[in-house]
There are 2 protein chains.
Amino acid sequence: MAVSAALLAAAGELTRRIHDGVVARGFEGVRPAHGFAFTRLAPDGATVTELAGHLRVTKQAASQLVEELVRRGYVERRPHPADARARLVVLTEAGWACTRAAEEAAADAVAEWADALGEGGVAELRDRLLRIAPGGPIRPVW
Amino acid sequence: MAVSAALLAAAGELTRRIHDGVVARGFEGVRPAHGFAFTRLAPDGATVTELAGHLRVTKQAASQLVEELVRRGYVERRPHPADARARLVVLTEAGWACTRAAEEAAADAVAEWADALGEGGVAELRDRLLRIAPGGPIRPVW
DNA sequence: CCTCAATGGTCAAGCTGCTTGACCATCGCG
DNA sequence: CGCGATGGTCAAGCAGCTTGACCATTGAGG
């Protein structure tokens, strides 16, 4: 099998495992697209337009996704401190809990990789992956 | 950045590049989901139910996807040699051409990785990825 | 100061891809 | 054979995204 196929297979596996892990930890009705959004919102929040750019969808779609996350209690809209047109979307405590659950699920998967590759092997894998995707995680899916 | 995030970032990048490459080679209206399907159909064809299992969707959804691919001329339905209920979905010449285009686009991306990691580095990357996703490419996206 | 094009955001309508539910034809075990 | 299991399609509904229109606010230039 080619490298490219292996990469896609591994990523698909990981995505599925993170999603399953998040669900198993009690967060229902949450989709991979929400994970994309959370990773963008996590540090300090973001505007709808920024989120749209991150997810590569229209700002209307991003706005709808935010609306859904607000309904589910994972994020809230706050007035933007520097621009009265904009609104800052930030994670609620539930949003942070869900993000932590995703990180735990990812860590579980990585722990299994360490069983197969060793800690050093995982570190080298990480190093190589970072060098071929230098732009950073444009869309850190789950 | 964590290994998991790096993996998802690299896979997202690769997916986008393959898709762009396929479009650039003149195959319009083709979506990543079609690529998933092609990799399953490529060797010897598959039934709709097998395809559905591969894509992790319902067989109705797979059937609709096949219908669309037939309309676009990428696949055709043939009677199944051993089961009169089933129909074997196989790639047409256009389907093979599209698959080759995807492989070329993937090879282009991998060539750039080789610039950054060296041939040996890519081989090691491949080896490690295969060991953490041993089940094979359940969903070799593009 | 104003003016006004650019920007952030939402509302509304429409489309596409997927799901559930029902159904028919064929298979293959007892 | 008889009949549950399996492969496939038709039909209806829904969820998520898009395009298009619109309003409020911004900020650079007269």
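Per chain, numbering begins at 1; letters A, B, ... match sequence-line order. Since the model is a prediction, treat every value here as computed from it, not as a measurement.
- Residue Ala61(A) is classed as a base contact, given a heavy-atom separation below 4.0 Å to a base.
- Between the P atom of dT9(D) and the CG atom of Leu51(B) lies a distance of 11 Å, rounded to the nearest Å.
- Of the side-chain N and O atoms in Arg77(A), one or more sit less than 4.0 angstrom from OP1 or OP2 of dT10(C).
- When distances run from any side-chain atom of Ala84(B) to the nucleotides dT26(D), dG7(D), dT26(C), the shortest one goes to dT26(C).
- Rounded to whole Å, the distance from NZ on Lys59(B) to C1' on dA25(C) is 12 Å.
- Comparing Glu50(A) and Val57(B), the nucleotide of DNA chain C nearest to each residue sits closer to the 5' end for Glu50(A).
- Between Thr47(A) and dG9(C), a side-chain N or O to OP1/OP2 separation shorter than 4.0 Å is present.
- Judged by atom type and distance alone, Gln60(A) reaches the base of dG20(D) through a side-chain donor-acceptor pair under 3.5 Å.
- A sub-4.0 Å separation between OP1 or OP2 of dG17(C) and a side-chain N or O of Arg31(B) is present.
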_Walk me through whether Ile18(A) and Asp108(A) qualify under side-chain contact (heavy atoms from CB on, under 4.5 Å)._
CA-CA 9 Å; Ile18(A) 296 181; Asp108(A) 287 351; over 6 Å; no
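- For Glu68(B) and dC15(C), the CD to C1' distance is 13 Å, given to the nearest whole Å.
- If you check dT19(D), dT9(D), dC27(C) against the side chain of Thr58(A), the one that comes closest is dT19(D).
- Across the protein-nucleic acid pair, Arg87(B) atom CZ and dT26(C) atom C1' stand 14 Å apart, rounded to whole Å.
- The CG-P distance, from Leu65(B) to dT9(D), rounds to 12 Å in whole Å.
- Two residues are said to be in side-chain contact when any heavy atoms from C-beta on lie closer than 4.5 Å; Glu67(B) and Arg72(B) fail this criterion.
- A salt bridge links Arg16(B) with Glu13(B): the closest approach of a Lys/Arg side-chain nitrogen to an acidic carboxylate oxygen falls below 4.0 angstrom.
- The distance between atom NE2 of His34(A) and atom C1' of dA15(D), rounded to the nearest whole Å, is 11 Å.
- One N or O on the side chain of His34(B) and one on the backbone of Arg31(B) form a donor-acceptor pair closer than 3.5 Å.
- The phosphate of dG9(C) has OP1 or OP2 within less than 4.0 Å of a side-chain N or O from Thr49(A).
- When heavy atoms are screened at a 4.0 angstrom cut-off, Glu67(B) is found touching no nucleic acid atom at all.
- Regarding Gln64(A), its CD atom lies at a distance of 9 Å from the P atom of dT18(D), rounded to whole Å.
- For the OP1/OP2 pair of dT9(D) and a distance below 4.0 Å, the side-chain nitrogens and oxygens of Ser63(B) include at least one atom meeting the criterion.
- Between Leu88(A) atom CG and dG9(C) atom C1' the separation is 14 Å, expressed in whole Å.
- Arg85(B) has no side-chain polar atom (N or O) that falls below the 4.0 Å cut-off from OP1 or OP2 of dA5(D).
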_Using the rule given for salt bridge (Lys or Arg N to Asp or Glu O under 4.0 Å), can you reason through Arg87(A) versus Glu76(A), listing the C-alpha separation, both sets of side-chain angles and the distance that settles it, and then say yes or no?_
CA-CA 10 Å; Arg87(A) 315 176 70 173; Glu76(A) 62 183 14; over 6 Å; no
